[in-house]
Amino acid sequence: MKPFFSTLLVVVLLASPLSAQEMRMLPRAAEQARESLAAKAREEKAAAEKAAAESRAQVLSDRAALEKAVAELEASRNRLAAEVTRLEERGSKLAAEEGTVNEELAQTDGMIRELVGQIRINAKDLDTLIGQNPQSAMGEKAASFLSAVAEDERFPSMDEVRAMTGALLDQIRRTGEVSLQRGGMVDRAGKEVEAELLLIGPFTAAYRHEGETGFLNHGSGGKLYALSRLPGSRLKKQLDRYMEGKDEAVPVDISRGGALRQLTHQLSLTGQISKGGPIVWPILAILVIGLLIIVERSVYLFARRHTSLPLLEQIRTLSASGDWNGSQEICRQWGKKPLARVLLAGLLAKDLQREDMENVLQEAILKEIPPLERFLSTLGMLTAIAPLLGLLGTVTGMINVFHVITLHGASDPRLMSGGISEALVTTMLGLSVAIPLMLLHNMLSRGVDRMIGDMEEQSVALVNVIHHHKREAPC
């Protein structure tokens, strides 16, 4: 600072003309100024040092505060990190527990749904069981809540489940009950009448009214309807005896009316034939013609049988005494028998040589064969034609079925039932006609063959008898 003030003083002195006294005062003034400036500089330095110390102290204080704050933040961060780690572990554990709970909930929900579904199925079955019970027509009505539970209208309550259990137990108890009482029914004419009703559990219901005994069907309207067809005499007798207490056994339809309805809708032979189409009538004509031939042949062959005819023994006896005329007379007495005519031809040719006599007998046998075999070839032809006509009916029926499928598709089986019935009925009828006709044709053919064999056998025996006596006769 001194060079600065010296320079300043020289500049001031050169710039202004001063007196000697003033010149003497200048160094002192400069010294004072210098001291003043130095004092001021010292003060400023002290103030600056003080400010710097204060700033340093403030900085140190702030640094300490910041370090403390950083340490607190670090500690807080560590605490938060530990808390986050703990919460993450807790979250993982809760997630695992949530998964387990969800699985248990899903299993429980599935079990509940399955249980509810089973309850609804049982409710529907029980409602059907009660509705089909013939005893419900006598005042026992189906529980009203069953249809609501079965149709998924609401969640079943425990009271309804208990009620279902009670209704089921009641049905089980009624299954073993048999009652005979007066009650209303709808007869076969469609009129409501009062009759004597027999209820055998939930299976079978029968009635007896004005001498008529039959089975009942439980309709959808809760009424009992008489079946359109009466049972056979044996079933009717069993029902009457059971209702009168004279018998311990009674027919029961364990199919709950299914078998009785099947019996009602079962077609008779006439009804089945009417569904066979036009091919049925030629098959029936073959049956009639075949039966006529069989009857005619049976009567004809039965009248000409000779299994017990003692002609050859009588001829042998008479020929021993030389009574050939008597032998011929015996054959003429049995003139309707083919064997008698053949033997008579042999006796008339007794004077011929053996070979010529055998030819005469063979000719007589051949003459008798056509009457015996008459119509048998026709019967054999009819036997072969009947199954072929049945096969033809099968083909025409299937053609009708495919025609219906072409026009209407295969969605409704009832449209195809006509063609299928025609196909099956004609096949059945053709085989039913052919089998007995074939059997009887074979029997008749065997009978004719047996008669021809007997004629050939006894013809040979006659030749032997005649030539034996010729050898023994005196020349």
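The first residue of the sequence shown is numbered 1, and numbering continues consecutively from there. When reading the values below, keep in mind they use all heavy atoms of this one structure, side chains included, and skip hydrogens, waters and symmetry mates.
A salt bridge is defined here as a Lys NZ or Arg NE, NH1 or NH2 lying under 4.0 Å from an Asp or Glu carboxylate O, and Arg450 with Asp454 fails to meet this definition. The pair Arg77-Glu74 meets the salt-bridge criterion, since a charged nitrogen lies less than 4.0 angstrom from a carboxylate oxygen. A salt bridge links Glu67 with Arg63: the closest approach of a Lys/Arg side-chain nitrogen to an acidic carboxylate oxygen falls below 4.0 angstrom.
When the shell of 6.0 Å around CE of Met443 is examined, it contains 12 or fewer heavy atoms from other residues, nucleotides or ligands. Within a 6.0 Å radius of CD in Glu114, other residues, nucleotides and ligands contribute 12 heavy atoms or fewer.
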Criterion salt bridge (charged side-chain N to carboxylate O under 4.0 Å, His left out) on Glu212 and Arg208, from CA distance to verdict: CA-CA 6 Å; Glu212 180 179 290; Arg208 185 165 60 179; over 6 Å; no
Quick one, Thr427 with Leu431, criterion side chain to side chain contact (heavy atoms under 4.5 Å, CB included). Give me CA distance, side-chain angles, the key distance, then yes/no. CA-CA 6 Å; Thr427 304; Leu431 294 175; 4.3 Å; yes
What verdict does the side chain to side chain contact (heavy atoms under 4.5 Å, CB included) test give for Ile286 and Ile385, after you've listed the backbone C-alpha separation in whole Å, the side-chain angles of each residue and the deciding distance to 0.1 Å? CA-CA 8 Å; Ile286 288 176; Ile385 291 176; 3.5 Å; yes
Determine, step by step, whether Leu372 and Tyr300 satisfy the side chain to side chain contact (heavy atoms under 4.5 Å, CB included) criterion, reporting the C-alpha distance in whole Å, the side-chain angles of both residues, the deciding distance to 0.1 Å, and the verdict. CA-CA 8 Å; Leu372 295 176; Tyr300 181 86; 4.0 Å; yes
Worked check of side chain to side chain contact (heavy atoms under 4.5 Å, CB included) between Glu196 and Arg182: CA-CA 5 Å; Glu196 188 177 9; Arg182 299 287 298 181; 3.9 Å; yes
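Applying the side chain to side chain contact (heavy atoms under 4.5 Å, CB included) test between Ile293 and each of Leu440, Leu382, Val288 identifies Leu382 as the sole match.
Using a distance-only test at 3.5 Å, with no hydrogens or angles considered, a donor-acceptor pair links the side chain of Ser55 to the main chain of Ala51. The main-chain N or O of Leu376 is found under 3.5 Å from a side-chain atom of His441 such that the two form a donor-acceptor pair.
Side chains of Leu197 and Leu180 form no contact here, defined as non-hydrogen atoms less than 4.5 Å apart. Contact check for Met185 versus Lys191: no side-chain heavy atoms found under the 4.5 Å cut-off.
Contact record, Leu379 with Leu437: CD1-CD2, 4.3 Å, taken as the closest heavy-atom pair. A pairwise comparison of heavy atoms in Glu296 and Arg374 identifies OE2-NH2, 3.5 Å as the closest pair. In terms of heavy-atom proximity, Pro338 sits nearest to Glu368 at CB-OE1, 3.6 Å.
For the pair Arg304 and Phe302, the cation does not sit on the ring face, since its NZ or CZ is not both under 6.0 Å from the ring centre and inside 45° of the axis.
Side-chain atoms of Asp62 and Gln58 form a donor-acceptor pair, as typed in the model, at a separation below 3.5 Å.
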